[in-house]
There are 2 protein chains.
Amino acid sequence: MEQQKEFICPFEYALEILSGKWKGLVLFYLGRRGTLRYSQLRRELKGITQKMLTQTLRRLEEEGLIHREVYPVVPPKVEYSLTPKGQSLLPILDALQKWGDEQLRDKAESDL
Amino acid sequence: MEQQKEFICPFEYALEILSGKWKGLVLFYLGRRGTLRYSQLRRELKGITQKMLTQTLRRLEEEGLIHREVYPVVPPKVEYSLTPKGQSLLPILDALQKWGDEQLRDKAESDL
DNA sequence: CAGTATCCCCCCAGATACTG
DNA sequence: CAGTATCTGGGGGGATACTG
């Protein structure tokens with residue numbers, strides 16, 4: 001069990017959730033596509049290694065943002081989905097995506 | 001001049017903006033307090049070193065999120081403020097802060 | 001299919017000292 | 001006051017190989 005840091009500042013806590021190269025993206029894709037299997041996530045997140053995907057999923061699970069459902073079948077099947085806590089972040093992630101989109105558009109225009 | 005990465009995904013771009021330990025916090029404080037001097041930011045962001053503060057400010061400036069105003073006086077006076085682009089991020093930062101606050105409350109309750 | 005297990009590099013971040 | 005300059009480590013992140 002990883003020991004959880006104690007956060008006093010709610011904003012720092014929120015930033016910590018999205019920190020790292022992949023956590024935000026995993027949440028984003030799970031939000032848009034709903035439940036996804038490990039291999040589906042790996043295809044979606046182009047360029048991610050197995051190690052990073054597993055590590056990212058484990059951390060998000062520890063923080064209660066995603067749910068991991070293991071089906072005892074052969075071959076193995078594991079599905080990931082957002083918890084209510086994870087879903088409560090979705091509006092913010094969408095807002096971030098929109099904001100990024102606008103900025104990239106503006107930048108593209110000014111590059112003409 | 002740092003060379004800018006080319007971003008295709010707007011969400012990745014947005015995440016990059018907030019990446020690192022301090023960038024989000026600097027934006028957050030500048031948003032809440034308005035224009036701040038270097039030394040004021042240093043007091044506000046408890047625990048930040050001069051090196052990290054300067055580095056963080058430079059990167060935010062390069063990305064067009066903050067404005068740096070230098071007054072040619074002795075002793076030196078430098079003020080930082082959000083650009084329109086930086087201000088457009090404020091609602092999202094506030095939302096993140098609210099979200100973090102709710103999560104920490106829930107956690108505190110469940111710890112009883 | 002869904003992961004572990006290693007090895008390794010880079011650079012973020014901190015500590016400390018110095019300066020116009 | 002508002003910064004540089006330098007050194008250092010820790011871990012984030014990648015590549016590769018292996019497994020129940």
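Order of the sequence lines fixes the chain letters, A, B, ..., with proteins taken first and strands second; residue numbering starts at 1 for each chain.
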Can you list the residues that meet the side chain to side chain donor-acceptor pair (under 3.5 Å) rule with [X], with sequence neighbours excluded?
{"X": "B/Tyr38", "value": "B/Thr54"}
{"X": "B/Glu44", "value": "B/Arg33"}
{"X": "B/Asp106", "value": "none"}

Where DNA chain D forms runs of at least three Watson-Crick or G-U pairs (i with j, i+1 with j-1, under 3.5 Å), the stems are C:1-20 with D:1-20
I'd like to check the side-chain contact (heavy atoms from CB on, under 4.5 Å) partners of [X]; sequence neighbours left out, ordered by chain and number.
{"X": "B/Gln87", "result": "B/Leu82"}
{"X": "B/Val74", "result": "none"}
{"X": "A/Lys51", "result": "A/Thr49, A/Gln55"}

May I have the list of side-chain donor-acceptor pairs in residues 90-102 of chain B shorter than 3.5 Å, sequence neighbours left out?
from	atom 1	to	atom 2	distance (Å)
B/Trp99	NE1	A/Ser88	OG	2.8
B/Asp101	OD2	B/Arg105	NE	3.3
B/Asp101	OD2	B/Arg105	NH2	3.2

*asked:* Taking ring-ring contact (aromatic ring centres under 6.0 Å, His included) as the cut-off, I'd like each qualifying pair that reaches into residues 40-97 of chain A, sequence neighbours left out, listed once.
replied: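 Every pair satisfying ring-ring contact (aromatic ring centres under 6.0 Å, His included) with a residue in residues 40-97 of chain A: there are none.
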**Request:** Name the first nucleotide and the last nucleotide along DNA chain D (5' to 3') that come under 4.0 Å of a heavy atom in chain A.
**Result:**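 Reading along DNA chain D, I get D/dG12 to D/dG20.
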So, with a heavy-atom separation below 4.0 Å from DNA chain C, the residues of residues 65-74 of chain A are A/Arg68
Contact check, residues 37-55 of chain A vs DNA chain D, heavy-atom distance under 4.0 Å, returns A/Thr49, A/Gln50, A/Lys51, A/Met52
